[in-house]
Number of protein chains: 2
Amino acid sequence: MNQTADIKRKRGRPPKTENADFRDTRETLITVGLSVLTEKGYSSTGIDEILRKAGVPKGSFYHYFDNKEAFGRILIEAYGRYFARKFDRWFEDRALTPLQRLEAFVEDAKTGMARFEYRRGCLIGNLGQEMTALPEGFRVLLQDVFTDWECRTAGVLREAQQAGEISKDLKCDQMAHFFWIGWEGAVLRAKLDQSPEPLDRFAQGFLSLLRGS
Amino acid sequence: MNQTADIKRKRGRPPKTENADFRDTRETLITVGLSVLTEKGYSSTGIDEILRKAGVPKGSFYHYFDNKEAFGRILIEAYGRYFARKFDRWFEDRALTPLQRLEAFVEDAKTGMARFEYRRGCLIGNLGQEMTALPEGFRVLLQDVFTDWECRTAGVLREAQQAGEISKDLKCDQMAHFFWIGWEGAVLRAKLDQSPEPLDRFAQGFLSLLRGS
DNA sequence: CTCAATTTAGACCGATCGTCTATTTAATTA
DNA sequence: TAATTAAATAGACGATCGGTCTAAATTGAG
């Protein structure tokens, strides 16, 4: 059922020369945490489930993280970084026009959601939705991630202006903001419908808006 | 702290002529349930919290509802109906042009979110987001609500076409679908930012798209 | 060979969910 | 009007789970 699991762990301080067989326990917890939280969010996910899937005993968790909240903060940061890398990959591909890069990102997202049968969404969107049930300090972290993503998106839109793909009259910051507002809705809906169609529908509408037609 | 609460409930079968002081217990539970679930969603809300806020003892809950899942189904239906009424109110107001009716709906939503300090979002969006943590049967209920809302929205767009406000070339069903995909994202973001700005930004973008400019 | 550092083991408490029985009050029936 | 039935509340209970915390095990350092 689960690929990460059940390697016999030795108790006590590990030998210095080790780290052979299995990835660092901490990294494993983060990876598994991301996969579970992108699926079910923060509140309805229990530590136990993450530990079970990671094949890590409970005691270890509280060795590596102060508590669930601290773990959550680290997941938000890790997820933000993961996407920043994705953007660098797509948004700076000179083989494509700026608008094609945006389309490539959309295709990549579709592929990603399909791979997990539309069960996993966006961690930031998930957590934003449950904001009122979350530690208040999460709010600014989530907002910062959106700010970062919107900046990067605005950048590619400006390049599209310079390349003459879209009108110079468009306010790129506002358009990037619009994109991320709606895109999170599209991810949500794709999860509900278990289909890529909402992602396509929103992306297509957004591009029409850019092209002013 | 809480307006609904703490009216001394009489034990036992109620007199036939009654229903004077407080609303029916069942109705109270539904009302309170809606307010809590629009805020925190399904998974992270416990029955006890609803009972406490409603001032209703636990024994009553299981008298009126089979279990939490059955209660959730009833809340989805009640919320769907509540919004259907809202649409009837705004979308059939002949004093406004069709597009103005859409704008009136947006204003109403802004007012509604502001009233609760942007803590409450859309029940259907909330539950859609946590779909993977929900009883599988909820999926079709949520989809049906969106289908209904999109139909009503498509209707007002067709009226806008007939009134010459927007191009006859627009596919109203698709545009209504686009609206609801993005609008749920806007509600999510308004909750995160505790601001009406995402609602305005999305609505304004959507209207530009309709007007083709 | 101690002692500190690092990690695992799992006990523990409180909260949540759903059930169940007892109790209270009103309506119905005879 | 007494007995019975219907309708609702009271709240104890067990099972389970989530989060925390302490004890134990293992290794490295002096």
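Excluded from the calculations below are hydrogen atoms, water molecules and symmetry mates; all remaining heavy atoms, backbone and side chain alike, are included. Residue numbers start from 1 in every chain, and the chains themselves are labelled A, B, ... in the order their sequence lines are given, proteins ahead of strands.
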Checklist entry - With the threshold set at 4.0 Å, does a side-chain nitrogen-carboxylate oxygen contact exist between B/E184 and A/K191? => result no
Next on the checklist: Of the listed nucleotides (C/dA9, D/dA10, C/dG18), which one gets closest to any side-chain atom of B/P57?
Outcome noted: D/dA10
Item to check | Any A/Y62 side-chain N or O less than 4.0 Å from OP1/OP2 of D/dT20 | outcome: yes
Next on the checklist: If you only use heavy atoms from C-beta on, which nucleotide in D/dT9, D/dT20, C/dT7 is closest to the side chain of A/N67?
Outcome noted: D/dT20
Item to check | Salt bridge B/E107-B/K110, side-chain N to carboxylate O under 4.0 Å | outcome: yes
Next on the checklist: Let's see if you get this right: which residues in residues 132-142 of chain A place a heavy atom under 4.0 Å from DNA chain D?
Outcome noted: none
Item to check | Rounded distance (Å) that lies between atom C1' of D/dC21 and atom NZ of A/K68 | outcome: 18 Å
Checklist entry - Between B/R52 (CZ) and C/dA15 (C1'), how many Å, whole number? => result 12 Å
Checklist entry - Touch check for B/T45, heavy atoms < 4.0 angstrom, all strands: base, sugar-phosphate only, or nothing? => result sugar-phosphate
Checklist entry - Do the side chains of A/L157 and A/F179 get nearer than 4.5 Å, heavy atoms only? => result no
Checklist entry - Between C/dT8, D/dT20, D/dT9, which nucleotide gets closest to the side-chain atoms of A/K58? => result D/dT20
Next on the checklist: Do the side chains of A/R152 and A/D148 get close enough for a salt bridge, i.e. N-O under 4.0 angstrom?
Outcome noted: yes
Checklist entry - Please give, in whole Å, the distance from D/dT16 P to A/I47 CD1? => result 21 Å
Item to check | Taking every non-hydrogen atom, the tightest pair across A/A54 and A/T28 | outcome: CB-CG2, 3.9 Å
Next on the checklist: For B/E150, is there an ion pair with A/R189 - N to carboxylate O distance below 4.0 angstrom?
Outcome noted: yes
Checklist entry - Can you tell me if A/E39 and B/T132 form a side-chain donor-acceptor pair at under 3.5 Å? => result no
Checklist outcome for this item: note: B/L51, atom CG; C/dA15, atom P; distance rounded to Å ~ 16 Å
Next on the checklist: What's A/G46 touching, base or sugar-phosphate or nothing? Going by heavy atoms closer than 4.0 Å.
Outcome noted: sugar-phosphate
Item to check | Separation of D/dT20 P from A/F71 CZ (nearest whole Å) | outcome: 13 Å
Checklist entry - Base, sugar-phosphate alone, or nothing: which one does A/Y64 contact when heavy atoms must sit under 4.0 Å apart? => result sugar-phosphate
Checklist entry - Atom CG of A/D48 and atom C1' of C/dC12: how far apart are they, to the nearest Å? => result 13 Å
Checklist entry - Does a side-chain N or O from B/T25 land closer than 4.0 Å to OP1 or OP2 of D/dA8, or not? => result no
Checklist outcome for this item: When rounded to whole Å, the CD1 to C1' distance for the pair B/I50 and C/dC17 reads 12 Å
Next on the checklist: OP1 or OP2 of D/dT9 versus the side-chain N and O atoms of B/S60: is any pair under 4.0 Å?
Outcome noted: yes
Checklist entry - Which listed nucleotide (C/dT7, C/dC17, D/dT9) is nearest to the side chain of A/H63? => result C/dT7
